[in-house]
There are 2 protein chains.
Amino acid sequence: MKLITRNTDYALQALCYLSKHREVVTVDELVKKLGVPRPFMRKILQRLNKERILGSYKGQGGGFKLAVPPAKIFIIKIMRIFQGKVGLNGCFLKKDICPNKGRCVLRKKIHAIENNVVKQLREINIAALI
Amino acid sequence: MKLITRNTDYALQALCYLSKHREVVTVDELVKKLGVPRPFMRKILQRLNKERILGSYKGQGGGFKLAVPPAKIFIIKIMRIFQGKVGLNGCFLKKDICPNKGRCVLRKKIHAIENNVVKQLREINIAALI
DNA sequence: GACAAATGATACTAACATGGTATCATATAA
DNA sequence: TTATATGATACCATGTTAGTATCATTTGTC
Ligand code: FES
Ligand code: FES
C-alpha cells in the first residue's frame, strides 16, 4: 500500500526547493540538487506548470518559478495531479452480485478511513514542509 | 491510491461467507455465491490456509473452514498477507542526497497518517462485517 | 537576424505489480 | 479403485508506474 508515488514525491521535493529559492530556477539546477533523472523531472515540472502551480520561462535565463505561495500548495492537490483521485475501493464484486452495497459495513468503514486520510492530507502544505 | 486490492477484497468476502456457514464449504460453493473466478479464489483460499486462518479438507465432502473465530480475524492481517506491509513511502531520494532523513517534516506527517490508518484497520474484524 | 539556451509537447520503452490461468501432484471419502 | 476435493507451482495478461527520446517553440543576447 503506497500512499505517495515517485512523481508526487519528486514534485514535492522540487516545490520545496522552489519555495526556498523564490526566483526562476532551471531544470538543471533542480536535477543537480535533487538527483532526479532530468527528463523525468522535466515532465513533472511541465505538468505543475500546466496546473498553474509553477510558472515557466523559456530562453536563456529561463526555468521555473513558484506561481503560488507555498502556504497555498497542499500536498493533497499534488497527489491528485499525479496519482488521480484519492479514493479507496471497498468492493470489487459485480454490483448485482454484491448483496449489500448500501449497507455494507466494510464499505462504510473503509470510507471513514479514507475521509480521515484526506482530511489529514488537506492540512499539509509546502510551507509546512520547509 | 488504492487501499484494498482484489485478492484482499475477495478474501474478505470469502471469510465473511465462511463466518456465516461455519462448516466445511467447497470452493465451488464460494465461487457460485461470490462470482469470483474459480482458480483465483482457489489461490486465495490456499493462501489463507497456509496462514492458518482457514483449515482445508481434501477428498469428497472436503473444502475450507474457518480455523479462527471471526472476531479474531482482523482485516489488517488479511491486507498484510495479500498486499504486503502497510507502509507508506515518504521519500524516494537516495539516502545520501536527501538532506534531512531524520528530521524531514513530510516523512513525519506521512508516518502519522500511516499509523492512523493502521490503527483504524486494526480495529475491524470479520465479526464486525457480518 | 542568427544562434544558443531554455521549455512545450508527445510518443515511446522498461520494469513492476496486479489479476488471472493452467496443470499436475496428493490426499481422502465412498 | 475411483471420483472428488485441495496443494503446489509455473505461467500468462493487463495495467500502472517510471523513465527516455525527439522534435518543436519561445526568448534573451550578440
Ligand atoms: S461487499 Fe460489496 S459493497 Fe461491501
Ligand atoms: S525529503 Fe527525504 S526523507 Fe523527506
Side-chain angles (χ1 to χ4, degrees), chain A residues 1-11 13-14 18 23-32 34-65 67 78-79 81-86 88-89 92-94, chain B residues 1-11 13-14 18 23-32 34-65 67 79 81-89 92-94:
Chain A
M1 189 180 101
K2 201 164 46 181
L3 189 57
I4 290 185
T5 61
R6 260 171 215 242
N7 30 24
T8 301
D9 188 77
Y10 290 165
Q13 312 279 349
L18 289 168
E23 347 76 49
V24 173
V25 170
T26 176
V27 171
D28 274 320
E29 182 174 341
L30 278 164
V31 160
K32 224 175 169 183
L34 302 180
V36 172
R38 207 187 113 97
F40 198 24
M41 184 89 262
R42 256 165 60 77
K43 195 155 82 167
I44 290 165
L45 295 170
Q46 287 181 10
R47 185 70 197 276
L48 289 173
N49 172 53
K50 257 192 187 165
E51 302 283 345
R52 310 279 179 185
I53 293 168
L54 296 182
S56 78
Y57 307 87
K58 293 181 175 181
Q60 192 159 9
F64 294 88
K65 201 182 81 171
I78 310 302
M79 287 178 68
I81 290 171
F82 292 104
Q83 304 176 212
K85 191 162 143 303
V86 176
L88 329 171
N89 317 22
F92 294 101
L93 296 186
K94 293 132 197 148
Chain B
M1 189 178 99
K2 199 164 48 179
L3 188 59
I4 288 186
T5 60
R6 262 170 214 245
N7 31 25
T8 301
D9 189 77
Y10 291 165
Q13 312 278 351
L18 290 168
E23 349 73 50
V24 174
V25 169
T26 176
V27 171
D28 275 320
E29 181 175 342
L30 279 165
V31 160
K32 223 174 169 183
L34 302 180
V36 172
R38 207 186 114 95
F40 198 24
M41 185 87 263
R42 257 165 60 76
K43 194 155 83 165
I44 290 167
L45 294 170
Q46 286 179 11
R47 185 69 197 278
L48 289 172
N49 172 54
K50 255 191 188 166
E51 301 282 346
R52 309 281 178 183
I53 293 168
L54 295 182
S56 77
Y57 306 88
K58 293 182 175 179
Q60 192 158 10
F64 293 89
K65 201 182 83 173
M79 288 178 68
I81 290 170
F82 292 103
Q83 303 176 214
K85 191 163 141 303
V86 176
L88 331 172
N89 316 23
F92 295 100
L93 297 185
K94 292 132 198 146

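A, B, ... follow the sequence lines: proteins, then strands. Residue 1 opens every chain.
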Let me know the distance between [atom1] of [X] and [atom2] of [N], rounded to the nearest Å.
X	N	atom1	atom2	result
B:Gln46	C:dA25	CD	C1'	12 Å
A:Leu45	C:dA9	CG	C1'	15 Å
A:Arg47	D:dT17	CZ	P	12 Å
A:Gln13	D:dA18	CD	P	14 Å
A:Arg6	C:dA15	CZ	C1'	11 Å
A:Gln83	D:dT16	CD	C1'	12 Å
B:Asp9	C:dG19	CG	C1'	13 Å
B:Arg38	C:dG19	CZ	P	21 Å

Measure from the side-chain heavy atoms of [X] and tell me the nearest of [options].
X	options	result
B:Lys58	C:dT26, D:dG28, C:dT21	C:dT26
A:Phe40	C:dT21, D:dG19, D:dT6	D:dG19
A:Tyr10	D:dG7, D:dG19, D:dT29	D:dG19
B:Lys2	C:dT7, C:dG19, C:dT23	C:dG19
B:Thr5	C:dG19, D:dT20, D:dT4	C:dG19
B:Val27	D:dT6, D:dA21, C:dT7	D:dT6

Within this structure, what is the [atom1]-[atom2] distance for the pair [X] and [Y], rounded to the nearest 0.5 Å?
X	Y	atom1	atom2	answer
B:Ile81	B:Leu48	CD1	CG	6.0 Å
A:Asp9	A:Met79	CG	CE	11.0 Å
A:Leu45	A:Arg38	CG	CZ	10.0 Å
B:Leu54	B:Ile44	CG	CD1	11.0 Å

Axial bend angle, the helix from C:dG1-D:dC30 to C:dA30-D:dT1: five-pair end segments, nearest 10°: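 Between the first-five-pair axis and the last-five-pair axis there is 0°.
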
For [N], take OP1 and OP2 only and decide whether either is under 4.0 Å from a side-chain N or O of [X].
X	N	answer
B:Ser56	D:dG7	yes
A:Asn7	D:dT17	no
B:Asn49	D:dG7	yes

Check: B:Lys43 side chain, C:dG20 base, donor-acceptor under 3.5 Å: yes

B:Gln83 (side chain) donor-acceptor with B:Leu3 (main chain) under 3.5 angstrom: yes

Side-chain (B:Gln13) to main-chain (B:Leu30) donor-acceptor, under 3.5 angstrom: no

Closest-nucleotide ordering on DNA chain C, the 5'-leading residue of A:Phe64 and B:Gly61: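 Its nearest nucleotide lies further toward 5', so the answer is A:Phe64.
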
A:Glu51 and A:Arg47: CA distance, side-chain angles, deciding distance, side-chain contact (heavy atoms from CB on, under 4.5 Å) verdict: CA-CA 6 Å; A:Glu51 302 283 345; A:Arg47 185 70 197 276; 3.0 Å; yes

Heavy-atom pair with the smallest gap, counting every atom of A:Met41 and A:Ala14: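 Nearest heavy atoms, A:Met41 then A:Ala14: CE-CB, 3.7 Å.
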
